[in-house]
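Everything quoted here is computed from the prediction, not taken from an experiment. Heavy-atom basis, side chains included; hydrogens, waters and symmetry copies ignored. So you know, we letter chains A, B, ... as the sequences are listed, proteins then strands, and number each from 1.
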Amino acid sequence: MPELPEVETIVRDLRPHLVGATVAAVEVGHPSVVRHPGLAEFLRALPGRRIERCQRRAKFIALRLDGPGSLFVHLGMSGTLTLDRPEVPARPHTHVRLRLGSGAELRYVDPRRFGRLMLGTPPELRAAGQLPPLGIEPLSPRFTAERLGAVLASTRRPLKAVLLDQARIAGCGNIYTDESCFLARVHPARPAAGLRPREVRRLRDAIRVVLRKAIRNRGSSIADYRDGFGARGAAHESLLVYGRGGAPCVRCGLPLAQSTVAGRTTVYCRGCQA
DNA sequence: CCCCTATCCTGAGGGC
DNA sequence: TGCCCTCAGGATAGGG
């Protein structure tokens, strides 16, 4: 579900309310979402900890705690992390609740339970196989056309597969990958290493424009996604290709093509993305 | 290394 | 109205 812009929106929403707050109590409804450490240790280690930072890395939410370690949350396909007043009834599939010293409640809701919560330092979690290798942040200043070119040059896999590969570029999912390829006018199934330098530059710029615009619009609420306060985003209202297979291309009017690339539904324009 | 498929789950939507 | 099928924004394991 949530890609970089959705996770970033949540982090920005929650940050002012979480930083400085103390975890007063923890309740876990469905233990399978707690991946590390074990449930008992998770319940033991969290209460009393103070949240020092609230940040995004790739599609992970990282709540840095006092003392060593962070609480990492990955939302999977259908997860949400919201701050609620405790008297508001919890929605179905609320699996974890953190009651805060402020009285508010941080709730992890995830119908499909593909998401997960983990507690520890990055090296610990990497050693436990819970935190995968993560590539460059596409919104960082280090994400230059040269850098993207180097990433793409290393493989002949389809471009889209590389953009979705979190170990190479962190944060892009199915929606914004298709949007970026369209904006850059490159075909998502082209071998990554085959892009010309000017196409790489266009793609680099397109990825940043697409992600920034989606953040400005507070994320795409196509199904389950909600912001840090449970409200829907508006980014899905201005998507150019995602979910529009068969509809006319906004640039040339040709019906948008839909096929499977890198195992994912992919929408693109045969005319504009040669 | 690459690529595809199945898998973890629930819910929404379409066809009949 | 209901049943069945397919599909979904993610990530990973296993097979060819």
Side-chain angles (χ1 to χ4, degrees), chain A residues 1-10 29-36 56-61 72-81 91-96 108-118 125-126 128-135 151-181 188-194 207 210-211 214-215 217-227 232-246 258-267:
Chain A
M1 160 217 176
E3 307 180 24
L4 184 153
E6 288 75 30
V7 178
E8 181 66 27
T9 300
I10 291 170
H30 210 299
S32 72
V33 298
V34 174
R35 296 299 170 84
H36 190 88
R56 180 191 61 75
R57 170 72 172 110
K59 297 175 192 171
F60 288 89
I61 298 163
F72 287 91
V73 181
H74 194 294
L75 299 172
M77 289 271 256
S78 60
T80 60
L81 191 67
R91 297 159 52 203
H93 306 292
T94 299
H95 304 310
V96 179
Y108 177 73
V109 179
D110 186 2
R112 292 174 74 179
R113 301 203 304 277
F114 289 177
R116 53 194 185 276
L117 282 74
M118 308 164 304
L125 293 171
R126 271 194 292 271
Q130 297 294 323
L131 199 59
L134 298 169
V151 168
L152 298 180
S154 63
T155 175
R156 286 190 58 79
R157 294 164 72 195
L159 172 60
K160 177 161 178 171
V162 182
L163 297 180
L164 287 173
D165 184 346
Q166 301 299 299
R168 297 179 191 269
I169 300 167
C172 295
N174 205 32
I175 296 178
Y176 300 115
T177 295
D178 278 8
E179 294 294 307
S180 300
C181 288
R190 286 194 31 207
I207 290 169
V210 162
L211 295 177
I215 292 172
N217 290 325
R218 305 190 52 77
S220 295
S221 287
I222 287 162
D224 301 288
Y225 165 72
R226 298 294 183 272
D227 67 22
R232 298 169 65 89
H236 53 284
E237 292 164 17
S238 45
L239 296 176
L240 300 178
V241 289
Y242 177 83
R244 296 192 64 244
Q258 180 167 318
S259 67
T260 299
V261 178
R264 312 294 298 277
T265 298
T266 301
V267 184

Between [X] ([atom1]) and [N] ([atom2]), how many Å, whole number?
X	N	atom1	atom2	answer
Y225(A)	dA8(C)	OH	P	21 Å
E6(A)	dG10(C)	CD	C1'	12 Å
R126(A)	dT12(C)	CZ	P	14 Å
K59(A)	dT12(C)	NZ	P	10 Å
D110(A)	dG10(C)	CG	P	13 Å
L75(A)	dG10(C)	CG	P	12 Å
R35(A)	dT12(C)	CZ	C1'	11 Å
L4(A)	dG10(C)	CG	P	12 Å

For this session: State whether K160(A) and D178(A) are salt-bridged, where the test is any N-O pair (Lys NZ or Arg NE/NH1/NH2 against Asp/Glu carboxylate O) under 4.0 Å.
Result: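 A salt bridge is present here (some side-chain N lies under 4.0 Å from a carboxylate O).
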For this session: In plain terms, say whether D165(A) and R157(A) are close enough for a salt bridge, that is, a side-chain N and a carboxylate O under 4.0 Å apart.
Result: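 Between R157(A) and D165(A) there is a salt bridge, with a charged N closer than 4.0 Å to a carboxylate O.
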Exercise. With a 4.0 Å cut-off on heavy atoms, is G263(A) in touch with a base, just the backbone sugar-phosphate, or nothing at all?
Worked result: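 Nothing: the residue G263(A), judged by heavy atoms under 4.0 Å, touches no strand.
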Exercise. Using a cut-off of 4.0 Å on non-hydrogen atoms, how would the nucleic acid contact of S32(A) be classed: base, sugar-phosphate, or nothing?
Worked result: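 Since no nucleic acid heavy atom lies under 4.0 Å of S32(A), the category is nothing.
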Short side-chain N/O contact to [N] OP1/OP2 from [X], under 4.0 Å:
X	N	result
R156(A)	dC2(B)	no
H93(A)	dC9(B)	no
H74(A)	dA11(C)	yes

For this session: Output the distance between atom CG (L81(A)) and atom CG (D227(A)), rounded to the nearest 0.5 Å.
Result: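 Rounded to the nearest 0.5 Å, the CG-CG separation comes out at 11.0 Å.
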Problem set entry | Opposite nucleotide pairing with dC3(B), Watson-Crick or G-U, both atom distances under 3.5 Å |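 Across any shown strand, dC3(B) pairs with dG15(C).
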Problem set entry | R112(A) (side chain) and dC9(B) (base): donor-acceptor pair under 3.5 Å |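 Such a pair is found, so the answer is yes.
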Exercise. Can any side-chain N or O of R35(A) pair as donor or acceptor with the backbone N or O of S32(A) at less than 3.5 Å?
Worked result: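 The answer is yes, because a donor-acceptor pair under 3.5 Å joins these two groups.
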Problem set entry | Donor-acceptor pair, side chain of H36(A) and main chain of L125(A), under 3.5 angstrom |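 No; zero donor-acceptor contacts below 3.5 Å.
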Taking the minimum atom-to-atom distance to the side chain of [X], which one of [options] wins?
X	options	value
Q166(A)	dG10(C), dC2(B), dA11(C)	dA11(C)
R168(A)	dA11(C), dC9(B), dC2(B)	dC2(B)
R264(A)	dT10(B), dA11(C), dG10(C)	dG10(C)
T155(A)	dA8(C), dC2(B), dT10(B)	dC2(B)

For this session: Select from T265(A) and L131(A) the residue whose nearest nucleotide in DNA chain C is closer to the 5' end of that strand.
Result: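 The residue closer to the strand's 5' end, by nearest nucleotide, is T265(A).
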Exercise. Has F114(A) got its ring stacked on dG10(C), by the test of a centre gap below 5.5 Å and a plane angle below 30°?
Worked result: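 Stacked: ring centres under 5.5 Å, planes under 30°.
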Exercise. For the residue pair G115(A) and Y108(A), what are the closest heavy atoms and their distance?
Worked result: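 Distance-wise, the nearest heavy atoms are CA-OH, 3.2 Å.
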Exercise. Rounding to the closest angstrom, what is the interatomic distance between dC9(B) and dC3(C) at atom P?
Worked result: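 The answer is 24 Å between these two P atoms.
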